[in-house]
Participant: 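One structure follows; several queries about it will come next.
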Protein chains: 2
Amino acid sequence: MAIESPHLDATFAALSDPTRRAILARLALGEATVSELAQPFALSQPTISKHLKVLEHAGLIEGGRDAQRRPRRLRAEAMKDAADWIERFRDQWDRRFDNLDRHLATTKKES
Amino acid sequence: MAIESPHLDATFAALSDPTRRAILARLALGEATVSELAQPFALSQPTISKHLKVLEHAGLIEGGRDAQRRPRRLRAEAMKDAADWIERFRDQWDRRFDNLDRHLATTKKES
DNA sequence: TGGCTATATAGCCATATGGCTATCGAATCA
DNA sequence: TGATTCGATAGCCATATGGCTATATAGCCA
């Protein structure tokens, strides 16, 4: 278990905001410009740009250029480490649910 | 895709700190008291308590009591939603790696 | 060139975060 | 009872975060 990881820090921090998660979800469908990304939100354009910078800093998106547009696209690979980190706990929550199932089954049988 | 989720916010935010991730990793091995949890870190006891509160608020841990001790244990199920959220992108990063593999294979063949 | 469009940057504000020390409260033990 | 131990809480500080408006920059079009 890596004791420190600025990359994980940045990734999880980036994912902790609902606006940024929505942006990532949108980008999963294909690249989009800043104005397209901003459109669903009641937030100013600079605020969206700030969110994009956070996502970029975490490596979760990257930007190209198309004239005066800066289309962003997803870099889903940047989520891999975060996913791996969480997945290590999967057996523990599975086990929990198994126990619950077993418990419910027992309770049912007893009633 | 849920548009808002305070629970996901709190979970990802909790995971964004290396101290807290280390605490979770420790708790994956079994419950532990505050002083046990604090021991590996060069941080004051109140600072650890603050981190524990963040983890508790995210539902990632829970506390019991044993005399004047408050042993914490992991609630790994609380990671499930976060894991599910991330996993939706897995095919995208797999595809990326597949593309890379294919590209490398082609390059190799050509050289 | 001038004006419009797309985006970035600067600067401000309020709140949150992560650290600390000092202190309180509760339980144990001598 | 009094001292000790475990942990929580209060209060302080510096920095980060998420929002805004105003403005700068860059590219396109008339």
Side-chain angles (χ1 to χ4, degrees), chain A residues 3-27 30-74, chain B residues 3-27 30-74:
Chain A
I3 230 122
E4 271 209 24
S5 170
H7 175 240
L8 274 185
D9 293 5
T11 303
F12 281 126
L15 295 180
S16 73
D17 182 277
T19 301
R20 288 193 292 262
R21 288 196 305 275
I23 288 174
L24 291 174
R26 166 65 188 77
L27 288 178
E31 61 172 49
T33 66
V34 175
S35 12
E36 285 165 352
L37 291 172
Q39 185 269 322
F41 305 102
L43 295 174
S44 69
Q45 170 263 311
T47 296
I48 298 296
S49 284
K50 230 182 203 178
H51 281 304
L52 293 176
K53 202 140 81 174
V54 173
L55 290 168
E56 213 156 338
H57 175 245
L60 288 164
I61 64 174
E62 60 187 1
R65 42 181 65 198
D66 163 22
Q68 72 273 59
R69 256 143 273 131
R70 304 287 154 89
R72 304 310 213 278
R73 57 185 162 283
L74 190 62
Chain B
I3 229 122
E4 271 206 28
S5 170
H7 174 241
L8 274 185
D9 293 6
T11 304
F12 281 126
L15 296 180
S16 73
D17 183 277
T19 301
R20 288 193 293 260
R21 288 196 305 275
I23 288 175
L24 291 174
R26 166 65 187 79
L27 288 177
E31 60 172 50
T33 66
V34 175
S35 12
E36 285 165 352
L37 291 172
Q39 186 270 323
F41 304 103
L43 295 173
S44 68
Q45 171 263 312
T47 296
I48 298 296
S49 284
K50 231 182 202 179
H51 281 305
L52 293 176
K53 202 139 80 171
V54 173
L55 290 168
E56 212 157 339
H57 175 246
L60 288 164
I61 64 173
E62 61 187 1
R65 42 181 65 198
D66 164 23
Q68 73 274 56
R69 257 143 273 130
R70 305 289 155 87
R72 304 310 215 277
R73 57 184 160 283
L74 190 62

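Convention: sequence-line order gives letters A, B, ...; per-chain numbering from 1. These figures come from a predicted structure and were not determined experimentally.
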Participant: If we only count heavy atoms from C-beta on, is the B/Leu8 to A/Pro18 side-chain gap below 4.5 Å?
Facilitator: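 In short, these two side chains do not touch, never coming nearer than 4.5 Å.
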
Participant: Which residues pass the side chain to side chain contact (heavy atoms under 4.5 Å, CB included) test with B/Glu56, not counting sequence neighbours?
Facilitator: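 Scan of B/Glu56 (side chain to side chain contact (heavy atoms under 4.5 Å, CB included), adjacent residues dropped) gives B/Ile61, B/Arg72.
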
Participant: Between B/Lys53 and D/dG7, is there a contact of a side-chain N or O with OP1 or OP2 at under 4.0 Å?
Facilitator: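 For D/dG7, neither OP1 nor OP2 has a side-chain N or O of B/Lys53 closer than 4.0 Å.
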
Participant: Using atom types as modelled, flag every donor-acceptor pair under 3.5 Å from a side chain in residues 42-53 of chain A to any protein atom, sequence neighbours excluded.
Facilitator:
| unit_1 | atom_1 | unit_2 | atom_2 | d |
| --- | --- | --- | --- | --- |
| A/Ser44 | OG | A/Thr47 | N | 3.3 |
| A/Ser44 | OG | A/Thr47 | OG1 | 2.9 |
| A/Gln45 | NE2 | A/Ser49 | OG | 3.1 |
| A/His51 | ND1 | A/Arg20 | NH1 | 3.1 |

Participant: Got a sec, which pairs hit salt bridge (Lys or Arg N to Asp or Glu O under 4.0 Å) with one end in residues 30-45 of chain A, sequence neighbours left out?
Facilitator: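 Passing the test, one end in residues 30-45 of chain A: A/Glu31-A/Arg73.
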
Participant: Do you know which of B/Val54, B/Asp17, B/Leu74, B/Leu55 makes side-chain contact (heavy atoms from CB on, under 4.5 Å) with B/Ile23?
Facilitator: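 Only one option passes, and that is B/Leu55.
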
Participant: Which base sits across from D/dT9 as a Watson-Crick or G-U pair, both distances under 3.5 Å?
Facilitator: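 Across all strands, the one nucleotide that pairs with D/dT9 is C/dA22.
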
Participant: Encode nucleotides 17-30 of chain D as B, S and - characters from 5' to 3', where the letter depends on protein heavy atoms closer than 4.0 Å: B to the base, S only to sugar-phosphate, - to neither.
Facilitator: -BBBBB----BS--

Participant: B/Arg69: what forms a salt bridge (charged side-chain N to carboxylate O under 4.0 Å, His left out) with it, not counting sequence neighbours?
Facilitator: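 Per chain and number, B/Arg69 pairs via salt bridge (charged side-chain N to carboxylate O under 4.0 Å, His left out) with B/Asp66.
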
Participant: Could you tell me if the side chain of B/Leu27 sits less than 4.5 Å from the side chain of B/Leu37, heavy atoms only?
Facilitator: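 When only atoms from C-beta onward are counted, B/Leu27 and B/Leu37 do touch, with a gap below 4.5 Å.
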
Participant: Would you say A/His7 has more than 12 foreign heavy atoms packed within less than 6.0 Å of its NE2?
Facilitator: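 Above 12, so yes.
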
Participant: Specify the residues of residues 30-40 of chain A, ordered by number, for which at least one heavy atom lies under 4.0 angstrom from an atom of DNA chain C.
Facilitator: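 Result for residues 30-40 of chain A: A/Thr33, A/Val34, A/Ser35, sorted by number.
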
